Visitor: 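This is the structure I have questions about; it appears just below.
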There are 2 protein chains.
Amino acid sequence: METVHKVDLGDEVVATRQQAGSRLEILDEATATRLAATFSVLSDPTRIRIISALAARALCVHEIARALRMTHSAVSHQLALLREMHLVTGTKKGRHVTYALDDEHIYDLYSQGLAHIRHQS
Amino acid sequence: METVHKVDLGDEVVATRQQAGSRLEILDEATATRLAATFSVLSDPTRIRIISALAARALCVHEIARALRMTHSAVSHQLALLREMHLVTGTKKGRHVTYALDDEHIYDLYSQGLAHIRHQS
DNA sequence: CTAATATATGAGCGCATGCTCATATATTAG
DNA sequence: CTAATATATGAGCATGCGCTCATATATTAG
């Protein structure tokens, strides 16, 4: 079933078509900025590799650093960012801090993106 | 059903568990970089809003610029980038160039991301 | 023809970002 | 206790990125 909607494109109002039930609008700046920030978390190779490592199991900083062959500092900085974005949690266990994934929605985006690039060029 | 896998974490080999059938490995740098580049396209508010506009219907540059209340130049630069990434196609029609979405997989990521931020905080 | 419109694109500027390096703190080993 | 280990974090630097501005080209109007 197809319905006709009106979309505000600046000064003009334009008619368009879409499947019933789906959203149709130009995102406001605030929403677009929030969505862009969500994707920004996944827009760096180091963070991607950290996420891929934590997908296997929870790991502490030096394990991640060794797996990625990067400095502890670089990994720790990225983990701080992932913590702020609530993508991972860090749990202190003695001298170690064990990091684990904590946002399955963003992990779903990661998986879907990975599936996409894996069966293309 | 759960199976046990071995994952190379640098010098060490570690056992872990996962659902049968899913992938489990630390992404190599090349794949991580490609995946990060995919998400990078969606990591800017202007590009997000252009995609949201084109989701309604194909539009030419000045229509997009008016809808987003941005300069033609800024929009044109972003459209050039979206073209290079094969996310949109531009079709010349007289003086106008009509842009349309051309990558449903990345649009799916956009939709999933939008759905995610819409039913959270 | 000239003028207006529509788009593309290079240069440059300011700001964000990801790293390294230095340093701080906490915990455990000996 | 001291030394070693594990992590966090600020400063600084190099690079990337998104915008504006200037300019070029193409098409259509008159």
Side-chain angles (χ1 to χ4, degrees), chain A residues 9-12 27 29 32-51 53-54 58-85 87-100, chain B residues 9-12 27 29 32-51 53-54 58-85 87-100:
Chain A
L9 287 174
D11 301 330
E12 230 178 298
L27 294 185
E29 268 195 62
T33 298
R34 280 215 302 151
L35 185 51
T38 299
F39 288 118
S40 290
V41 183
L42 299 171
S43 72
D44 174 73
T46 300
R47 286 192 294 274
I48 287 286
R49 296 180 78 216
I50 291 175
I51 291 167
L54 294 182
L59 295 166
C60 61
V61 180
H62 74 278
E63 288 174 317
I64 299 172
R66 187 177 51 229
L68 271 54
R69 304 191 195 285
M70 293 186 65
T71 66
H72 294 172
S73 183
V75 170
S76 189
H77 275 291
Q78 293 295 358
L79 285 169
L81 191 152
L82 293 173
R83 244 188 291 123
E84 281 163 29
M85 299 296 286
L87 225 134
V88 303
T89 52
T91 310
K92 191 154 189 177
K93 291 177 183 172
R95 277 188 292 187
H96 304 273
V97 178
T98 298
Y99 281 92
Chain B
L9 286 175
D11 300 332
E12 229 179 298
L27 293 186
E29 267 195 62
T33 298
R34 279 216 302 151
L35 185 51
T38 300
F39 287 118
S40 290
V41 182
L42 299 171
S43 71
D44 174 73
T46 300
R47 286 193 293 275
I48 287 286
R49 296 180 78 216
I50 290 175
I51 291 167
L54 295 181
L59 295 166
C60 60
V61 179
H62 75 277
E63 288 174 319
I64 299 171
R66 186 177 50 228
L68 272 55
R69 304 190 196 283
M70 294 187 63
T71 65
H72 295 171
S73 182
V75 170
S76 190
H77 275 292
Q78 294 294 359
L79 286 170
L81 191 152
L82 293 173
R83 245 187 291 123
E84 281 162 29
M85 299 295 286
L87 225 135
V88 303
T89 52
T91 309
K92 191 153 189 177
K93 291 177 182 171
R95 277 188 291 187
H96 304 273
V97 177
T98 298
Y99 281 91

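Chain identifiers are assigned alphabetically (A, B, ...) following the order of the sequence lines, protein sequences preceding nucleic acid strands; residue numbering begins at 1 within each chain. All of these numbers come straight from a predicted model, not from anything done at the bench. Only heavy atoms go into these numbers, but all of them, side chains included; no hydrogens, no water, no symmetry mates.
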Visitor: Measure the acute angle between the ring planes of B/H72 and B/H62, then classify it against the limits of 30° and 60° as parallel, tilted or perpendicular.
Guide: perpendicular
Visitor: Is there a side-chain polar atom (N or O) of A/Y99 under 4.0 Å from OP1 or OP2 of D/dA8?
Guide: yes
Visitor: Using a heavy-atom distance cut-off of less than 4.0 Å, which residues of residues 71-81 of chain A contact DNA chain C?
Guide: A/T71, A/S73, A/A74, A/H77, A/Q78
Visitor: Using atom NE2 of A/H62 as one end and atom C1' of D/dA4 as the other, report the distance to the nearest whole Å.
Guide: 13 Å
Visitor: In this structure, how many angstroms lie between the C1' atom of D/dC19 and the CG atom of B/D44, rounded?
Guide: 10 Å
Visitor: Are OP1 or OP2 of D/dG18 and a side-chain N or O of B/T46 less than 4.0 angstrom apart?
Guide: no
Visitor: Looking at side-chain heavy atoms only, is the closest gap between A/E29 and B/L68 below 4.5 Å?
Guide: no
Visitor: Tell me: CD of A/E63 to P of D/dA6, nearest whole Å?
Guide: 10 Å
Visitor: Please tell me if the side chains of B/P45 and A/T33 come closer than 4.5 Å, counting only heavy atoms from C-beta onward.
Guide: yes
Visitor: Under a 4.0 Å heavy-atom cut-off, which of residues 90-98 of chain B touch DNA chain D?
Guide: B/K92, B/G94, B/R95
Visitor: Kindly write out the residues that satisfy side chain to side chain donor-acceptor pair (under 3.5 Å) with B/R83, not counting sequence neighbours, or none if the list is empty.
Guide: B/Y99
Visitor: Can you tell me the distance, in whole Å, between the CG atom of A/L82 and the C1' atom of C/dT17?
Guide: 14 Å
Visitor: Does any non-hydrogen side-chain atom of A/L42 lie less than 4.5 Å from one of A/I51?
Guide: yes
Visitor: Could you tell me how far apart A/I64 (CD1) and D/dA6 (P) are, to the nearest whole angstrom?
Guide: 14 Å
Visitor: Grab the CE-P distance between A/M85 and C/dT17 for me, whole Å please.
Guide: 10 Å
Visitor: Indicate yes or no for a side-chain donor-acceptor contact from B/S43 to the backbone of B/S40 under 3.5 Å, with no hydrogens or angles considered.
Guide: yes
Visitor: Rounded to whole angstroms, how far apart are CZ on A/R69 and P on C/dT20?
Guide: 15 Å
Visitor: Kindly compute the distance separating CG (B/L27) from CZ (B/R34), expressed to the nearest 0.5 Å.
Guide: 11.0 Å
Visitor: Looking at B/E63 and B/C60, would you say the former's side chain and the latter's main chain have a donor-acceptor pair under 3.5 Å?
Guide: yes
Visitor: Specify the separation, in whole Å, of atom CD1 of A/I48 and atom C1' of C/dT17.
Guide: 16 Å
Visitor: What are the two closest heavy atoms between A/A32 and B/R49, and how far apart are they?
Guide: CB-CG, 3.3 Å
Visitor: Provide the Watson-Crick or G-U wobble partner of D/dA26, both distances under 3.5 Å; none if there is no partner.
Guide: C/dT5
Visitor: What does C/dT20 pair with, Watson-Crick or G-U, if both distances are under 3.5 Å?
Guide: D/dA11
